Amino acid sequence: MNAYRTIVILGVLGTFSHVISIGNDDFVDACFGKEGDKPPHCEYIDFDDVFESSDIKFNWSFITKLTISNKRIIGIPTRMFESLPNLESFVVVNSLFYREIDPSSFVDCHKLEHVEITGTNISFLDTHLFPKTPNLKHLLFHHNRINAIKHDAFEFLVELEELNLSYNNLTNLQSGVFHKLKNLKTLDLNHNQLVLLSFDSWFPPDGIHSLAYLDASYNRIVELAWSEITVKKVNLKYNNLTSVHISGNCSELHVSYNTIESVTVGGNCSIEKLYLAHNAIRNFGDLRKCSETLRTLDISFNILQRRFDFLGMKQLTALNVECTNLTLEYTTLHDLRKLRFLDISYNNLKKIDFENLTSQRLLERLMISGNPIGNMSIESIKRNFPNLKALGIYDLPWNESSLSVAIEDLKKHDIKPYIKNDYLFEESLCPLRITRNFSGNGDDHEESAEQGSGGSKTVEYVVIVLLVVACCGLLTKVFIDSRYYGLIFRERGGHRSSISHESLVSCDLNA
């Protein structure tokens, strides 16, 4: 019994020592401010001294930054930072906590501005975190396991400017959770499991006017409870939105990779950059309400109505209509006189009449990849677009010689040929993609010749396979019949006559 007790005690002590620290590195990184004649510097301090007990009194009043990485921690002791009045930054990276963060741990940290706790197993943020840290501006809790946050967790953080909760397990946020964060500028919620973006209930009733960037991409959002988008830049890519309403003073909106079918615009649209790629939108006519401010538009990978045009959108400088089933006519892009970038790739355009694009004299980059174009005059392109610096000719159905000639002509006119997927916007395979052989000079005879050569190569492969099979069969036959060779030679020597294989087999069977 005593031996059993001894084993248990030793096990507990071993476990406790393993909890305090892992590995041979028992130190943490601390940076000190100016101390007397000593200049600001950083050094390692003993890890056990930091987390020895809950009421330890440090004599390190000049520490300005404390970094703990790759440790196992019982928890942040209560009122641990009372003896660190000059602490400005506290960072915990890739460490394991054995209890949640105690809200009263961070008291009297009047100079604390940056807290980062990332790569841990923290799953819950309790009420009234950091109660006496009036200067805290950056709070980063990304790459943890947080699945619940109290509605008043950030109540005392009135000066907070950046809050990062990305890469966690959040499914919802309680009403009023950000009510006191009136100076918040950046809110990062990407890579969670949020279903509803309840912006109106999260923030104060009068809204928040300081927030400049909201990232809620890579969630499961199906609805926006947001009467008016008041954030300058919003990222909602990779969600499950079916519709979007553009209003307010939002200047940049990313909603690509959703299932959006309709886009509506309010009366006070001030959008400048709009990314709607990879959705199910068929008509963008309502976007003309934003024609006075809209400068960048990406509607690629949406199968549009055939007769769609961009009349009235005179401020556009970048337009991506890749893989949209676009019909290029005179009126399609006629008003876009400020256009610098245009992507019309993968639209099954058999011919591009560059005379229809004469209004785009300022165009600098043009992408025409993935279209079954037979002829293309580089001189005509340069004449219509004197400022052109790059031409996308990736995945055009030309042979190697035609492509080489086109590349050389482009270089002579100081135009960079884009022959790979190196575009401004994101892209993937297009359902309108054409993959057939085509000659660069538009000669039908060369096209048929190439098709004929392709067919003859197929015949050659078939013949080779048949020959190999025949040889294998012959070798097998020879191996099986080798036991009859002696009999054949004896019969031929004695009777001067040939004996068929069939008769030999029957004789052998009869015997």
Side-chain angles (χ1 to χ4, degrees), residues 11-30 45-54 56 65-81 84 87 89-107 109 112 114-131 133 136 138-154 157 160 162-174 177-178 187-195 215-220:
V12 170
L13 291 175
T15 303
F16 181 75
S17 63
H18 188 64
V19 164
I20 295 297
S21 174
I22 60 171
N24 297 322
D25 184 10
D26 291 330
F27 299 92
V28 295
D29 190 15
I45 59 178
D46 194 292
F47 178 76
D48 292 337
D49 289 342
V50 178
F51 290 97
E52 187 177 78
S53 66
S54 60
I56 187 171
K65 180 178 180 180
L66 188 63
T67 301
I68 302 170
S69 60
N70 299 303
K71 301 293 180 183
R72 294 192 178 184
I73 306 168
I74 294 177
I76 299 177
T78 303
R79 311 182 71 85
M80 187 187 81
F81 296 96
L84 297 172
L87 188 68
S89 175
F90 178 68
V91 179
V92 179
V93 181
N94 297 331
S95 297
L96 183 63
F97 283 85
Y98 280 85
R99 64 169 180 250
E100 301 295 342
I101 296 176
D102 187 346
S104 59
S105 296
F106 296 89
V107 294
C109 296
L112 190 63
H114 180 98
V115 173
E116 180 175 357
I117 300 177
T118 176
T120 73
N121 61 327
I122 293 294
S123 61
F124 177 67
L125 298 184
D126 206 347
T127 184
H128 296 163
L129 284 175
F130 314 105
T133 53
L136 189 62
H138 307 279
L139 182 57
L140 289 76
F141 275 111
H142 57 90
H143 290 86
N144 293 295
R145 301 178 182 176
I146 301 173
N147 54 43
I149 300 176
K150 284 285 189 177
H151 74 281
D152 54 354
F154 312 115
L157 306 181
L160 195 67
E162 178 186 6
L163 178 59
N164 192 332
L165 296 169
S166 62
Y167 289 90
N168 280 287
N169 299 323
L170 294 170
T171 56
N172 64 78
L173 291 172
Q174 296 187 32
V177 65
F178 304 132
L187 176 59
D188 197 341
L189 299 168
N190 78 81
H191 285 88
N192 278 281
Q193 301 177 34
L194 296 172
V195 177
D215 188 352
S217 59
Y218 294 93
N219 279 274
R220 302 175 181 177

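Owing to the predicted nature of the structure, the values given are computational and were not obtained by experimental measurement. All heavy atoms count here, side chains included; hydrogens, waters and symmetry mates do not.
Nearest heavy atoms, Gln174 versus His151: OE1-CB, 3.4 Å. Across every non-hydrogen atom of His138 and Leu160, the tightest pair is N-CD1, 3.8 Å. When all heavy atoms are compared, the tightest approach of Ser95 to Ser69 is OG-C, 3.8 Å. Closest non-hydrogen pair, Asn168 versus His142, comes out as ND2-CA, 4.1 Å. In terms of heavy-atom proximity, Phe97 sits nearest to Ile117 at CE1-CG2, 4.0 Å.
A side-chain donor-acceptor contact under 3.5 Å links Asn192 to the backbone of Leu165. Remark: side-chain polar atoms of Asn144 are paired, donor with acceptor, to backbone N or O of Thr120 under 3.5 angstrom. Side-chain N or O atoms of Asn219 include one that pairs as donor or acceptor with a backbone N or O of Leu189 at under 3.5 Å. Here the side chain of Thr133 pairs no donor or acceptor atom with the backbone of Cys109 at under 3.5 angstrom. Formation of a donor-acceptor pair under 3.5 Å by the Asp215 side chain with backbone atoms of Ser217 is found in this model.
Here the NZ-CG distance, from Lys150 to Leu125, works out to 11.5 Å after rounding to the nearest 0.5 Å. Between atom CG of residue Leu140 and atom CD of residue Glu162 there is a gap of 5.0 Å, rounded to the nearest 0.5 Å.
His191 and Tyr218 have their aromatic ring centers within a separation under 6.0 angstrom.
The side chain to side chain donor-acceptor pair (under 3.5 Å) search around His143 returns none, not counting sequence neighbours. By the ring-ring contact (aromatic ring centres under 6.0 Å, His included) test, His128 is found to be paired with Phe156, residues two or more places apart in sequence or in another chain being considered.
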Would Ile45 and Val28 count as a side-chain contact (heavy atoms from CB on, under 4.5 Å) here? Give the steps.
CA-CA 6 Å; Ile45 59 178; Val28 295; 3.4 Å; yes

Exercise for review: Show your working on side chain to side chain donor-acceptor pair (under 3.5 Å) between Ser123 and Asn147 and close with a plain yes or no.
Suggested key: CA-CA 6 Å; Ser123 61; Asn147 54 43; 4.8 Å; no

Dump the intermediate steps for side-chain contact (heavy atoms from CB on, under 4.5 Å) on Ile73 and Val92, then the final yes or no.
-> CA-CA 10 Å; Ile73 306 168; Val92 179; 4.3 Å; yes

Note to self: Could you walk me through whether Ile149 and Leu173 satisfy the side-chain contact (heavy atoms from CB on, under 4.5 Å) test, starting with their C-alpha distance in whole Å, then the side-chain angles of each, then the deciding distance to 0.1 Å, before giving a yes or no?
What the structure shows: CA-CA 7 Å; Ile149 300 176; Leu173 291 172; 3.9 Å; yes

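Residue-environment remark: NE2 (His114) exceeds the threshold of 12 foreign heavy atoms within 6.0 Å.
A 4.5 Å side-chain heavy-atom check between Phe90 and Leu84 finds every atom pair outside the cut-off. Side chains of Leu170 and Leu194 form a contact here, defined as non-hydrogen atoms less than 4.5 Å apart. At a threshold of 4.5 Å between non-hydrogen side-chain atoms, the residues Thr118 and Tyr167 do not count as touching. For the pair Phe106 and Leu129, the minimum side-chain heavy-atom distance is 4.5 Å or more.
In this structure, a donor-acceptor pair under 3.5 Å is present between the side chains of Asp152 and Thr127.
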